[in-house]
Q: 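Handing you a structure now.
Hydrogens, waters and symmetry mates play no part in the numbers below; they use all other heavy atoms, side chains included. Convention: sequence-line order gives letters A, B, ...; per-chain numbering from 1.
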Number of protein chains: 2
Amino acid sequence: MDEVNASRELGVRLVQAAERLKADFAEAILPFELSVPAARALLLMDEPVPMRVLSDRLTCDQSYITRIADELEGRGFIQRVPGADRRVQLLKLTRSGIRMRESVFAAVTANNRVQLHLSRAEREQLDHLVALLLGD
Amino acid sequence: MDEVNASRELGVRLVQAAERLKADFAEAILPFELSVPAARALLLMDEPVPMRVLSDRLTCDQSYITRIADELEGRGFIQRVPGADRRVQLLKLTRSGIRMRESVFAAVTANNRVQLHLSRAEREQLDHLVALLLGD
DNA sequence: GGTCAACAGTTGACAATGTCAAGCATCGTC
DNA sequence: GACGATGCTTGACATTGTCAACTGTTGACC
């Protein structure tokens with residue numbers, strides 16, 4: 001019964017830690033004036049990616065990817081390139097998009113709580129526990 | 001360099017796990033037709049609480065507590081009771097609020113990923129790691 | 001070859017969860 | 001008694017999404 005409460009509180013703190021990570025991310029990308037989801041999407045674009053794939057990777061609605069793409073295209077960081085299947089649009093980084101992606105990457109990794117606060121062994125523990133929580 | 005990436009991905013998975021917890025919570029309280037923050041606030045009201053204290057405990061703006069209180073009062077689960085300091089409003093559970101709080105408590109603890117997926121030892125590990133992430 | 005279900009992307013409307021600034025009443029202090 | 005600090009409220013707004021409906025394209029089956 002007390003165990004029940006301790007588990008719930010642990011859950012609360014876990015969520016707080018996650019929110020701290022998100023806040024760190026948001027703070028790190030502040031200078032670039034990108035929305036958080038746009039920055040996340042940018043980091044996933046190592047090569048031209050179909051929008052559908054992005055919505056899978058970010059686990060969000062396809063329509064949301066449309067809006068992120070609008071933002072990034074409006075800023076000149078990506079182009080929409082029609083795919084072989086002409087229903088598909090690939091999002092491809094422009095040259096300035098590549099630079100922006102590198103800047104974002106540098107900023108968010110320089111600021112990474114997980115790396116700054118945890119040893120390698122602790123990260124491995126955490127990775128294991130998170131996998132358990134996510135149900136494998 | 002690869003370590004940098006592994007840390008970032010671990011952070012992403014940690015956030016995913018937290019979002020899973022939040023989704024579990026939201027699902028558990030679905031039958032009660034309470035908003036998530038209202039349900040969280042309810043769980044904190046073991047005794048009459050000044051609104052200010054709630055905004056500290058939920059780490060959110062005071063004005064947001066006003067809205068949560070409006071919701072809970074509108075549903076008949078709490079009353080606003082003026083405190084000794086007459087600037088302060090205490091939120092006090094009504095009888096039906098007490099019952100609702102118990103229902104919510106039962107629903108969210110029955111559904112707790114942390115307890116269901118982790119052994120006691122693993123929960124202690126996780127607690128330690130989360131404390132490190134939160135910077136003590 | 002024509003039909004039709006399924007799929008990708010877009011758009012508009014909306015929901016949830018907040019924050020911020022301004023204002024009001026009250027309090028404690030000088 | 002005046003005044004700055006505190007607690008609550010209200011209105012406006014931001015962020016991060018979801019859902020339903022639509023368009024255009026594809027692949028598969030008759």
Q: Ignoring hydrogens and angles, are the base of C/dG9 and the side chain of A/R86 linked by a donor-acceptor pair under 3.5 Å?
A: no
Q: Could you go step by step and tell me if A/L126 and B/Q125 meet the side chain to side chain contact (heavy atoms under 4.5 Å, CB included) rule?
A: CA-CA 8 Å; A/L126 182 58; B/Q125 271 188 21; over 6 Å; no
Q: For A/R67 and C/dT11, give me the distance from atom CZ to atom C1', rounded to whole Å.
A: 7 Å
Q: When we call it a touch if two heavy atoms are under 4.0 Å apart, what does A/R40 touch: a base, just sugar-phosphate, or nothing?
A: nothing
Q: Would the base of C/dC20 count as contacting B/S63 through its side chain, where contact means a donor and an acceptor less than 3.5 Å apart?
A: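 Side chain to base: pair present.
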Q: Rounding to a whole Å, what distance do you find between B/R52:CZ and C/dC27:P?
A: 17 Å
Q: Any donor and acceptor pair, going by atom type alone, linking the side chain of A/R75 with main-chain N or O of A/E33 inside 3.5 Å?
A: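 Pair found, side chain donor or acceptor close to backbone of A/E33.
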Q: In whole Å, I'd like the distance from the CD atom of A/E33 to the C1' atom of D/dT15.
A: 16 Å
Q: Taking the side chain of B/T66 as its heavy atoms from C-beta onward, which of D/dC8, C/dT19, C/dT17 lies nearest to it?
A: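 Nearest nucleotide to the side chain: D/dC8.
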Q: Whether the side chain of B/R87 and the base of D/dC8 hold a donor-acceptor pair under 3.5 Å is what I'd like checked.
A: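 No, the side chain and the base share no sub-3.5 Å donor-acceptor pair.
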Q: Should the pair A/K22-B/E19 be classified as a salt bridge under the 4.0 Å nitrogen-to-oxygen rule?
A: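 Salt bridge: yes.
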Q: Tell me which nucleotide among D/dG17, C/dT10, C/dT19 gets nearest to the side chain of B/Y64.
A: C/dT19
Q: Find the distance A/E71:CD to D/dG17:C1' and express it as a whole number of Å.
A: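 Checked: the CD to C1' distance equals 14 Å.
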Q: By nearest nucleotide on DNA chain D, pick out whichever of B/A69 and A/A84 is the more 5' one.
A: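 Nearest-nucleotide comparison on DNA chain D picks B/A69.
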Q: When the distance from CG of A/D85 to P of C/dA8 is rounded to whole Å, what number comes out?
A: 8 Å
Q: Measuring only between side-chain heavy atoms, which start at C-beta, is B/E3 closer than 4.5 Å to A/Q115?
A: yes
Q: Applying a 4.0 Å non-hydrogen cut-off, can you work out what B/Q62 is touching in the nucleic acid: base, sugar-phosphate, or nothing?
A: base
Q: Taking the nucleotide of DNA chain C with the closest heavy atom to each, which residue, A/P50 or A/E19, is nearer the 5' end?
A: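 By nearest-heavy-atom nucleotide position, the 5'-most residue is A/P50.
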Q: Just how far, in rounded Å, is P of D/dT9 from CG of B/D61?
A: 12 Å
Q: Using atom NZ of A/K22 as one end and atom P of C/dT19 as the other, report the distance to the nearest whole Å.
A: 13 Å
Q: Would B/Q89 and B/V81 count as a side chain to side chain contact (heavy atoms under 4.5 Å, CB included) here? Give the steps.
A: CA-CA 6 Å; B/Q89 302 273 23; B/V81 184; 6.0 Å; no
Q: Starting from P on D/dT10, measure out to CD on B/Q89 and report it in whole angstrom.
A: 11 Å
